[in-house]
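Notes follow the structure.
Atoms considered below: every heavy atom in the structure, side chains included; atoms not considered: hydrogens, waters and symmetry mates. Counting convention: from 1, in listed order, for ligands and their atoms alike.
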Amino acid sequence: MIDLRSDTVTRPTPEMRQAMAQAEVGDDVFGEDPTVRALEEETAELLGKEAALYVPSGHMSNQLAVLASVHSGDEVWAHERAHVLSNEQGATSVLARALPRTFTDPEGHPGQDLLERWATGVDDVHRARPRLICLENTFTGLVVPLAEQRRVADFAHTRDMRLHLDGARLWNAAVALGATPAEVAAGADTVSVCFSKGLGAPVGSAMAGDAETVRAARRARKLLGGGMRQAGIIAAGALYALRTNIGRMAEDHARAERLAAALTRIPGLDALARTNMVLVSTPEGAAARYARAFTEYGVGCVPIGTELVRLVVHLEIDDAGVDEAAKRMEEAAGSLG
Ligand SMILES: *Cc1c(COP(=O)(O)O)cnc(C)c1O
């Protein structure tokens, strides 16, 4: 199986395992794990924030950012397909008891008109208080231009709102833009980054922000049962990934282009590369059927909606893997007639 379902399917390399085996550890609930501390400090530094917190998942880091930013009943604005609202079991409503408000702009960032409209009448006694805007970069592989991000951040800050950046694939955005991670994170009050997706670590994400917000998130992490003991073992994998694997993501992006170019030649299909993802357009309503056929022919993928099939290139896929995947997918498409 050439597994292109996600960039989370990678397994730690021997070098990463060695770094994990040799990690210095301590009890991180007491703040005594030197490897976790090193990971948190390097992550904060890289993102240009005061502090960072290591957490088991991106889901948790997103929700900690929400918990640290809003009061019960406040509005959280995000894209209708944003992970924080659509893929975390409604946690913003369950945990922070926030009121989600969703925009639908295909580029992933809300237009200025909509922002202005949603921000009018906030003093009306009937109205929930808008408090947090969430953006994703990348947004399903799509790079959100930094100027748009800055516009939304500036808007938030003039309205006493905060910006959370879900940067599960922020590293991909930075590499694609030729920007530093700190430049991508600039303007966001809180940022979530992932050490698994694309970077190849076995476990974990981090939430970064100012020291006070990260202190609040550290308390909330304990509330949710996310305090970990000798977490340096897994943090060492994340630290190794952070130090080693950001630069090589350019290869993933090039391979996504290569795969998309090959798939576009298959009759009936179109394909588009976005950073490390390839989105294959199938005839309307046929996404699930194509995804099943691709899988049967040995290419792991996931249907998105009724028309798209998603493939994600990652560090276990080389050029030969891309070419083989394209060949199998062509056969699979042919089998559907
Ligand atoms: C994967 C992902 C998450 C959640 O990360 P987990 O570690 O799987 O909980 C959050 N946001 C985005 C944009 C993601 O792609």
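Side-chain atoms of D189 and H157 form a donor-acceptor pair, as typed in the model, at a separation below 3.5 Å.
Judged as a ring-ring contact (aromatic ring centres under 6.0 Å, His included), and not counting sequence neighbours, the contacts of F139 are H79. Residues meeting the side-chain contact (heavy atoms from CB on, under 4.5 Å) test with V302, sequence neighbours left out: R5, R310.
The aromatic rings of W118 and F103 are tilted relative to each other, their planes meeting at an angle between 30° and 60°.
For ligand 1, residues of the protein lying within 4.0 angstrom by heavy-atom distance are S57, G58, H59, N62, H83, E88, E136, D166, A168, R169, K197.
In summary, R221 and D28 engage in a salt bridge, as defined by a charged side-chain N under 4.0 Å from a carboxylate O.
Counting only residues at least two apart or on different chains, no salt bridge (charged side-chain N to carboxylate O under 4.0 Å, His left out) pair has a member in residues 282-308.
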